[in-house]
Amino acid sequence: MMIEAGQLVIYDPGYKQEIGRVKKLNPRKKGTAFVWYSEGDTAACTNMDHLYPVDERYAREHACDFENAYALSAIINKHI
């Protein structure tokens with residue numbers, strides 16, 4: 001599935017899961033995107049092979065699975 005700016009995603013490299021929102025695709029490094037994982041404005045450059053799009057309902061229902069669940073509402077409310 002294609003990852004796009006503005007999408008809610010789960011970051012899952014195999015040892016943890018975090019909820020995030022894609023700020024933008026990285027034009028300088030193919031296959032990566034800048035993703036917000038916290039309440040702040042910093043976005044981490046993330047390999048898209050570890051990102052899985054989800055909808056808001058799924059994110060809220062599975063919040064207890066995310067290491068950064070404390071930031072869920074802030075991430076959901078972020079806008080591009």
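For the single chain, residues carry numbers from 1 onward in sequence order.
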Checklist entry - For the side chain of Q7 and the backbone of E4, is there at least one donor-acceptor N/O pair under 3.5 Å apart? => result yes

Next on the checklist: Taking the side chain as everything from C-beta on, heavy atoms only, tell me whether I10 gets closer than 4.5 Å to I19.
Outcome noted: yes

Checklist entry - Are there more than 12 heavy atoms of other residues, nucleotides or ligands under 6.0 Å from atom CG of D41? => result no

Checklist entry - To the nearest 0.5 Å, what is the distance between NZ (K78) and OG (S38)? => result 6.0 Å

Next on the checklist: Less than 4.5 Å apart, side chain to side chain, heavy atoms only: is that true for R60 and I76?
Outcome noted: yes

Item to check | Distance flag, aromatic centroids of H62 and F66, threshold under 6.0 Å | outcome: no

Checklist entry - Checking side chain to side chain donor-acceptor pair (under 3.5 Å) for the pair Y37/T46: CA distance, chi angles, key distance, verdict? => result CA-CA 11 Å; Y37 296 106; T46 306; 3.0 Å; yes

Checklist outcome for this item: Heavy-atom closest pair (K16 atom, E67 atom, distance to 0.1 Å) is CB-OE2, 3.0 Å

Next on the checklist: Give me the atom names and distance for the closest heavy-atom approach of P13 to H50.
Outcome noted: CA-ND1, 3.4 Å

Checklist entry - Rounded to the nearest 0.5 Å, how far does OG1 of T32 lie from CD1 of I3? => result 12.0 Å

Checklist entry - Which pair of non-hydrogen atoms, one from V9 and one from P53, has the smallest distance, and what is that distance? => result CG1-CA, 4.1 Å

Checklist entry - Any side-chain heavy atom of M48 within less than 4.5 Å of one from L25? => result yes

Item to check | D55 side-chain N/O to Y58 backbone N/O, donor-acceptor pair under 3.5 Å | outcome: yes

Checklist entry - Would you say the side chains of D65 and Q17 form a donor-acceptor pair under 3.5 Å? => result no

Checklist entry - Do you know which two heavy atoms are closest between I80 and K23, and how far apart they sit? => result CD1-O, 3.2 Å

Checklist entry - Quick one: does I75's side chain get under 4.5 Å of L8's, heavy atoms only? => result yes

Checklist outcome for this item: Heavy-atom closest pair (A69 atom, A63 atom, distance to 0.1 Å) is CB-O, 3.2 Å

Checklist entry - CG of L72 to CD of E18: how many Å apart, nearest 0.5 Å? => result 12.5 Å

Checklist outcome for this item: Using a 4.5 Å side-chain heavy-atom cut-off and chaining through intermediate ILVMFWY residues, the residues clustered with F34 come out as none

Checklist entry - What are the two closest heavy atoms between C45 and N26, and how far apart are they? => result SG-ND2, 3.5 Å

Next on the checklist: Take a 6.0 Å sphere around NZ of K24 and say whether it holds more than 12 heavy atoms from other residues, nucleotides or ligands.
Outcome noted: no

